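Everything on this sheet refers to the single structure shown next.
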Amino acid sequence: MLPLSLLRASKEHPMLVELKNGDTYNGTLVNCDSYMNINLTKVILTSHDGETFYEMESCYIRGSTIKYLRIDPQVIDKAMEDSSYREGRSGRGRGRGRGRGRGRGRGRGRGRGGNRGRGRGGGAK
């Protein structure tokens, strides 16, 4: 299971986020993107020294500042079940794939220019 799929599975669930500077955010995950930027609601921010607390309605956290995330174990179990369900399905018939050779390019020696670049001789003049 990929970390991003686990994060997406934990939407609308409480989580703890610790940043690289030591601050911690406790709140409910609203949304996340592929860079692990996250939106939280009903947030309690604890400063890195543990002495100052702030309460916020919502906040945005840039993914590159995150040190770790603590997610509810039931959400992890649910995400594991979902990923095992997806792996059990057949992979055939999904998307357009790349299994049909090299495509339909312009070919060799056809199209504009006639016989240019093929063998000896000056071609038709």
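All figures in this text were calculated on a predicted structure; none of them were measured in a lab.
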Nearest 0.5 Å please: distance from the [atom1] atom of [X] over to the [atom2] atom of [Y].
| X | Y | atom1 | atom2 | answer |
| --- | --- | --- | --- | --- |
| E12 | T41 | CD | OG1 | 7.0 Å |
| E18 | T65 | CD | OG1 | 11.5 Å |
| H13 | Q74 | NE2 | CD | 8.0 Å |
| T24 | R70 | OG1 | CZ | 9.5 Å |
| N31 | D33 | CG | CG | 7.5 Å |
| N26 | T46 | CG | OG1 | 6.0 Å |

Looking at every heavy atom in both [X] and [Y], which two are closest together, and how far apart are they?
| X | Y | value |
| --- | --- | --- |
| L69 | I38 | CD2-CD1, 4.4 Å |
| H48 | N21 | CB-O, 3.4 Å |
| K20 | S64 | NZ-O, 2.9 Å |
| S10 | M15 | OG-CE, 3.9 Å |

Backbone N or O of [Y] within a donor-acceptor pair of the [X] side chain at under 3.5 Å?
| X | Y | value |
| --- | --- | --- |
| N37 | G63 | yes |
| K11 | C32 | no |
| D72 | V75 | no |

Check for me, please, whether [X] and [Y] land in the same ILVMFWY cluster - side-chain distances under 4.5 Å, paths through other members count.
| X | Y | result |
| --- | --- | --- |
| M56 | I61 | yes |
| Y54 | I44 | no |
| V30 | V17 | no |
| L16 | I76 | no |

Practice prompt. With side-chain contact (heavy atoms from CB on, under 4.5 Å) as the test, would you mind laying out the steps for L29 and N39 before giving the verdict?
Written response: CA-CA 6 Å; L29 180 65; N39 291 326; 6.0 Å; no

Fill in: side-chain contact (heavy atoms from CB on, under 4.5 Å) assessment of L19 paired with I66
CA-CA 4 Å; L19 304 185; I66 297 173; 4.2 Å; yes

Discussion item. Please determine whether side-chain contact (heavy atoms from CB on, under 4.5 Å) holds for the pair L40 and Y25, giving the CA-CA distance in whole Å, both sets of side-chain angles, and the decisive distance to 0.1 Å.
Written reply: CA-CA 9 Å; L40 296 174; Y25 290 78; 4.0 Å; yes

Worksheet item: Any chance OH of Y60 has more than 12 other-residue heavy atoms, nucleotides or ligands included, within less than 6.0 Å?
Response: yes

